[in-house]
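The structure under discussion appears below in the form of structure tokens.
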There are 2 protein chains.
Amino acid sequence: MQKHISNVDSAPKENGDKTLSERTTTALREAIVCGTFKAGEKLNEPKLATQFNVSRGPLREAIRRLVSMGLVEYTPNVGAKVIPLERARIIELYEVREALEGMAARLAAINMTDDEINELKKLLEIHHQHHENNAGEYMQADGDFDFHYQIIKGSGNELLTQQLCNELYHLIRMFRFQTSRFKTRSDQALVEHQQLIYAIENRDPGLAEMLMRRHIARAKQSIKAHLLSEET
Amino acid sequence: MQKHISNVDSAPKENGDKTLSERTTTALREAIVCGTFKAGEKLNEPKLATQFNVSRGPLREAIRRLVSMGLVEYTPNVGAKVIPLERARIIELYEVREALEGMAARLAAINMTDDEINELKKLLEIHHQHHENNAGEYMQADGDFDFHYQIIKGSGNELLTQQLCNELYHLIRMFRFQTSRFKTRSDQALVEHQQLIYAIENRDPGLAEMLMRRHIARAKQSIKAHLLSEET
DNA sequence: AATGTCTTGATTGTTGACAATACAGACAAT
DNA sequence: ATTGTCTGTATTGTCAACAATCAAGACATT
């Protein structure tokens, strides 16, 4: 049965995607993140190559990149499969996030320019509006991403930014797609974001880190509870 | 001028290295980490393929993997080059380490078994012996790695372990190779390791994290000072 | 019936050739 | 002299065919 991916061009164009293998990577990544390929599903090279309208070379490259991003598992001579996102792994993901984004907030409190902080404030304001207008919930996920993204960038640490935005980011997205049934605690999150901005504005690295870590730890606890309550 | 890498087989055999591209990855990685290829040096595909005695396919795979490990920079249609380890990047590396290994120590204090803790103690004892016998310095680098490695594994967080041991680890090694001229503060480190074990043994996650972070932050400061004093 | 071996089909690993792109040097124009 | 364009060469991107490996089912043996 043919999936809804006739070729690579159906993927979102990302500005840096010049070569075929890069476009294939993006296309395959989105397909996995969005659940077109189910968790644990085998990735057959010739079949996928046909679907994406490329030869096996670029496709293999794409698979390798997704392996290094943690979205795909690989066994030599056996093949690739979409990573099965078990409970344990999700908790692990949030623990790593807590560590890295905590550090990002600390560094952001030191390195962010005043302009960048103002941008952050504007962003929060927009989210606030949305929350009031649309009775919460809606767009919260993307909004949350934007906010965290700006702080990460504001850290000024390129390695950290890369680790979070290029590697872990897509894992988080994938998880969110699979668990969109969970309500996002959007009003709570807004308050926490607000506090975080204060800490950064006051150039208090310790507080910024602590608040960010609590923000993420709280999300982790919330998810943990949800996952347990769903246990069969 | 021919380098001292006639083919892939000269690389250290790592148990999981079955396929040619995996062996090539290991070989190329070691060559880069150990400085056979200088920082910033261009990696020419046909030339390297000849040197390693493989075709361009596996070699390209190897390069891609090293890109995702941060050892190699890549520009489409231009090619790959060994990452130039500038001062800024080294500091960044230690900031990320501080965050991740801090979290590892925290989790280790929670999750490590008593047996694992005993192993850690034995390891420290061995390092202590070496320090007294060999008037310090010697073997400190590897010893330090072993110690940190066991704590990371002891965290029980696979994602964290992978990030540290498969990605950042080799960057650190590469940096150490380039700066072996720096004296390692080995007696200081031993004391800090000792304290860390206490914290883990007493199941004090907060203290364990704090000590690990200080341990790494101190190393960062030491390196910072060295780098500044070398400024031309 | 259960276990072990063999064979077959499918899938991955590797290769070398060809196409597309970028870089360097020569040359012309201002 | 400097800038811009062009051309040839080198390098990377892509492909399709071939070799090596693995997984599953048939068959024989205990």
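Residue numbers start from 1 in every chain, and the chains themselves are labelled A, B, ... in the order their sequence lines are given, proteins ahead of strands.
Using a 4.0 Å heavy-atom cutoff across all strands shown, B:Lys42 reaches sugar-phosphate atoms only and no base atom. Using a 4.0 Å heavy-atom criterion, one finds that A:Leu43 contacts the sugar-phosphate atoms exclusively. Within 4.0 Å (heavy atoms only), A:Gly57 reaches no atom of the nucleic acid at all.
In DNA chain C, runs of at least 3 consecutive Watson-Crick or G-U pairs, each pair with both distances below 3.5 Å, span C:1-30 with D:1-30.
Checked against salt bridge (Lys or Arg N to Asp or Glu O under 4.0 Å), B:Arg60 has the following partners two or more places apart in sequence or in another chain: A:Glu61, B:Glu45. Evaluation of the salt bridge (Lys or Arg N to Asp or Glu O under 4.0 Å) rule for B:Asp115 yields no partner, not counting sequence neighbours.
Each of A:Ser55 and A:Val78 has a nearest nucleotide on DNA chain D; the 5'-most of these lies closest to A:Ser55.
Annotation: B:Lys220, atom NZ; neighbour count of heavy atoms from other residues, nucleotides and ligands within 6.0 Å is above 12. Surrounding CD of A:Glu86 are more than 12 heavy atoms belonging to other residues, nucleotides or ligands, all under 6.0 Å away. Annotation: B:Glu158, atom CD; neighbour count of heavy atoms from other residues, nucleotides and ligands within 6.0 Å does not exceed 12. Heavy atoms from other residues, nucleotides or ligands lying under 6.0 Å from NZ of A:Lys47 number 12 at most.
Using a 4.0 Å cut-off between charged nitrogen and carboxylate oxygen, A:Glu119 and A:Lys122 count as a salt-bridge pair.
Where DNA chain D meets chain B (any atom under 4.0 Å from a heavy atom), the bounding nucleotides read 5' to 3' are D:dT11 to D:dT14. Along DNA chain C, read 5' to 3', the first and last nucleotides having any atom under 4.0 Å from a heavy atom of chain A are C:dT11 to C:dT14.
Ring pair A:Phe175/A:Tyr94 is perpendicular by interplanar angle, where above 60° counts as perpendicular and below 30° as parallel.
Closest of all the heavy-atom pairs between A:Arg89 and A:Pro84 is CD-O, 4.2 Å.
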In a table with atom names and distances, give each donor-acceptor pair under 3.5 Å that connects a side chain of residues 66-81 of chain A to protein atoms at least two apart or in another chain.
unit_1	atom_1	unit_2	atom_2	d
A:Ser68	OG	A:Arg65	O	2.8
A:Tyr74	OH	A:Arg64	NH2	2.8

